[in-house]
Asks: 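Here you go, one structure.
Note that these values count all heavy atoms, side chains included, but never hydrogens, waters or copies made by symmetry.
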Amino acid sequence: MIQFFETIRLENGQYSHLEFHLERAAKTQIHHYDKANFDVSLLFNAIPDSAEGIFRVRVDYGRKIENIAVYPYEVKDHHTLDLVEIEAFDYSFKYSDRTFFEQELKRRTGISDLIFVKEGYLTDTTYCNILLFDGERWVTPHTPLLRGTKRSYLLQTKQIFEKAITASEITTYKKIAFINAMRDFEKVYRFTRENDTLHLTMDTNE
């Protein structure tokens, strides 16, 4: 049975960009089950009594919400990333089955994450959308594996812009950042490329 999940940022008792998660969940349910049935009241019932700080809320669902789990959250660092070419792989919905990502990452030792390249164009990492800074503005690949909620929000508010970016062009950019529902611009990096590996250093000017 196909299952999906949403990861939602809960900060000091408030959900971040909840409307984007609800929209994506509704589209997913309508596409697969012909009907949206994502009971938002369950999300508010799941908020802990002591919700000070940042939490990661995972919502597993199919035809309806099946489980909600709440975890403390801390932003992870990136140090090295490999560029990996992929072919026939689809993650246009947020599937619970992440075996592909886990296996690809396990095949490489000493790597923080992967950047997947499809038909020569940058897509995403295993769990983040990519942002690149060209010296004037932040851009994001126009071919993501998954259209993340934070990405959608930043595009809608014109804080970032879509662009077709090939793997060969990546070194023309000055900085890189990784976003998802849980992370924003907390960590921005400068980087160098050695063959198909990016080496990152924290940008202290941010």
Asks: Between E136 and K174, does at least one N-O distance fall below 4.0 Å, as a salt bridge requires?
Replies: no
Asks: Decide yes or no on side chain to side chain contact (heavy atoms under 4.5 Å, CB included) for D196 and D82, but give the supporting numbers first.
Replies: CA-CA 6 Å; D196 286 331; D82 274 359; 5.6 Å; no
Asks: Under 4.5 Å between any side-chain heavy atoms of Y91 and F116, yes or no?
Replies: no
Asks: On the 0 to 90° scale, with breaks at 30° and 60°, tag the Y61-F38 ring pair as parallel, tilted or perpendicular.
Replies: perpendicular
Asks: When the aromatic ring centroids of F44 and Y15 are compared, is their separation below 6.0 Å?
Replies: yes
Asks: Show the nearest heavy-atom pair for residues R63 and N37, with the distance to one decimal.
Replies: O-CB, 3.3 Å
Asks: Can you see which heavy atom on A164 is nearest to which on Y121, and at what distance?
Replies: CB-CE2, 3.8 Å
Asks: For a quick test of reading the model, state the closest non-hydrogen atom pair linking N129 to L146 and the distance between them.
Replies: ND2-O, 3.0 Å
Asks: Could you tell me how the ring of F4 sits relative to the ring of H32: parallel (under 30°), tilted (30 to 60°) or perpendicular (over 60°)?
Replies: tilted
Asks: For D134, what residues pass the salt bridge (Lys or Arg N to Asp or Glu O under 4.0 Å) criterion, not counting sequence neighbours?
Replies: none
Asks: Using side-chain contact (heavy atoms from CB on, under 4.5 Å) as the criterion, list what pairs up with E11, not counting sequence neighbours.
Replies: R9, I54
Asks: Taking the side chain as C-beta and beyond, is there a heavy-atom pair between L81 and I176 under 4.5 Å?
Replies: no
Asks: List in chain and number order the residues that pass salt bridge (Lys or Arg N to Asp or Glu O under 4.0 Å) with K64, two or more places apart in sequence or in another chain; answer none if no residue qualifies.
Replies: E66
Asks: Ignoring hydrogens and geometry beyond distance, is a side-chain donor-acceptor pair present between E194 and T197 at under 3.5 Å?
Replies: no
Asks: Excluding sequence neighbours, so at least two apart, what forms salt bridge (Lys or Arg N to Asp or Glu O under 4.0 Å) with D77?
Replies: K187
Asks: Would you call the rings of Y127 and H78 parallel, tilted or perpendicular if under 30° counts as parallel and over 60° as perpendicular?
Replies: parallel
Asks: Please collect all salt bridge (charged side-chain N to carboxylate O under 4.0 Å, His left out) contacts where either partner lies in residues 25-48, sequence neighbours excluded, each pair once.
Replies: E23-K27
Asks: Under 6.0 Å between ring centres: does that hold for F55 and Y71?
Replies: no
Asks: Quick one: salt bridge (Lys or Arg N to Asp or Glu O under 4.0 Å) partners of D113, sequence neighbours excluded?
Replies: none
Asks: Please report whether the ring centroid of F101 lies less than 6.0 Å from that of Y95.
Replies: no
Asks: If you define the side chain from C-beta out and look only at heavy atoms, does anything of V117 sit under 4.5 Å from E85?
Replies: yes
Asks: After noting the C-alpha distance and the side-chain angles of M182 and I179, does the key distance pass the side chain to side chain contact (heavy atoms under 4.5 Å, CB included) rule?
Replies: CA-CA 7 Å; M182 296 301 303; I179 58 167; over 6 Å; no
